[in-house]
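What you see is a predicted model, and the numbers here were worked out from it, not measured in a lab. Any value given below was found using the heavy atoms of this structure, including those in side chains, with hydrogens, waters and symmetry copies removed.
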Amino acid sequence: MHIVFKKVDEWFEKDPDLKRKFQDTYRMIYASAHKYAEHMEEVVKEKTNTSIKVEISEQLLKQALIDTFDDLLRLTNYHPTKEPNPIKEMAYIVYWLIRRKPIRLVSEDIIMDARLSDMARTRFLFINEEFGVKLLMNAAFIGKKEKGVCEHIRDEAEKQLKYYKRFLLYYLVYRMDSAKSLEAMLLGCTIHPIWVVDPVIWSDPKGPEQEF
């Protein structure tokens with residue numbers, strides 16, 4: 001086994017369509033990371049009246065996405081999966097983002113600042129994992145259609161999602177062992193009482209319902 005360094009152009013020189021998809025994905029993730037960094041900086045400014053700097057390594061971000069695409073290509077080449085659904089893609093993206101850690105907190109003193117809550121300081125300490133939570137939850141729920149439910153049920157469901165996001169952060173920090181386990185967790189999260197099942201991710205079962 002050995003590590004091979006290749007530029008983006010070398011990875012995708014034989015497949016221009018795949019290269020375009022990679023570039024689109026990179027722009028989307030980079031824009032999200034930049035917006036996230038600005039939000040974290042604003043939180044500190046608002047809560048402590050001090051300034052911090054959050055940086056994004058473009059090279060580490062590109063490497064994380066190269067690793068992601070390499071894994072997904074292996075799935076499509078050697079497994080029945082021909083077009084990974086958005087949940088699978090985001091699970092692999094977040095897995096490699098956390099392995100490569102492209103987001104860096106430059107001003108680390110904020111982690112010890114007592115003016116922030118313990119949970120807020122935890123999110124700064126594990127800044128890549130917190131970003132991963134946001135990406136995963138967006139992939140699972142942004143743009144999804146709500147069922148017609150009463151206000152009480154909707155409030156309870158939103159509270160449950162908050163619990164789930166906190167558990168997801170814990171999982172990314174301490175328990176994540178593979179992209180596929182992350183995918184399984186997120187798929188289960190999409191089966192939620194107030195959300196319409198997404199046909200892009202779930203296909204209707206055909207034929208009589210059987211256990212096996």
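Between A91 and L182 the shortest heavy-atom distance is O-CD2, 3.6 Å. A pairwise comparison of heavy atoms in F12 and K19 identifies CB-CB, 3.5 Å as the closest pair. Between I87 and A139 the shortest heavy-atom distance is CD1-O, 3.8 Å. In this structure, S32 and L135 approach most closely via the heavy-atom pair CB-CD2, 4.3 Å. S57 approaches L60 most closely through the heavy-atom pair OG-N, 3.1 Å. Nearest heavy atoms, T68 versus E89: CG2-O, 4.4 Å.
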Give the C-alpha distance, both sets of side-chain angles, the deciding distance and a yes or no for side chain to side chain contact (heavy atoms under 4.5 Å, CB included) between K101 and E129. CA-CA 9 Å; K101 298 190 184 302; E129 289 81 358; 2.7 Å; yes
E42 and E46: CA distance, side-chain angles, deciding distance, side chain to side chain contact (heavy atoms under 4.5 Å, CB included) verdict: CA-CA 6 Å; E42 289 170 1; E46 178 185 343; over 6 Å; no
With salt bridge (charged side-chain N to carboxylate O under 4.0 Å, His left out) as the criterion, how do K21 and D24 come out once you've worked through the C-alpha distance, each side chain's angles and the decisive distance to 0.1 Å? CA-CA 5 Å; K21 182 174 181 179; D24 290 343; over 6 Å; no
Begin from the C-alpha positions of M119 and R166 and carry the test side chain to side chain contact (heavy atoms under 4.5 Å, CB included) through to its verdict. CA-CA 10 Å; M119 195 64 209; R166 186 164 293 195; 3.7 Å; yes
Evaluate side chain to side chain contact (heavy atoms under 4.5 Å, CB included) for Y171 paired with D177, printing each intermediate quantity in order. CA-CA 9 Å; Y171 185 82; D177 59 353; 3.8 Å; yes
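Here L18 contributes atom CG and Q23 contributes atom CD; the two are 10.0 Å apart, rounded to the nearest 0.5 Å. One finds the OG1 atom of T48 at 4.5 Å from the CD1 atom of I110 (value rounded to the nearest 0.5 Å). Taking CD from E183 and OG from S178, the interatomic distance works out to 9.5 Å, rounded to the nearest 0.5 Å. Rounded to the nearest 0.5 angstrom, S107 OG and D113 CG are separated by 11.5 Å. Rounding to the nearest 0.5 angstrom, the gap separating the CE atom in M137 from the CG atom in L168 is 7.0 Å. Of the inter-residue distances, the one linking I127 atom CD1 with T122 atom OG1 reads 12.5 Å to the nearest 0.5 angstrom.
The shortest side-chain heavy-atom distance between L65 and T25 falls under the 4.5 Å cut-off. Considering only heavy atoms from C-beta on, F131 stays 4.5 Å or farther from M40 through its side chain. Proximity of E55 to R104: side-chain heavy atoms (C-beta onward) are separated by under 4.5 Å at one or more points. Counting only heavy atoms from C-beta outward, the side chains of L61 and I103 never approach each other to under 4.5 Å.
With sequence neighbours excluded, the residues satisfying salt bridge (Lys or Arg N to Asp or Glu O under 4.0 Å) with E130 are R123, K134.
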Counting only pairs under 3.5 Å, give me each side-chain donor-acceptor contact of residues 92-100, with atom names and distances, residues two or more places apart or in other chains.
| residue | atom | partner | partner atom | Å |
| --- | --- | --- | --- | --- |
| Y95 | OH | R99 | NH1 | 2.7 |
| W96 | NE1 | D71 | OD2 | 2.8 |
| R100 | NE | D67 | OD2 | 2.9 |
| R100 | NH2 | D67 | OD2 | 3.0 |

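Proximity of the aromatic rings of F167 and Y163 is defined here by a centroid distance below 6.0 angstrom, and this criterion is not met.
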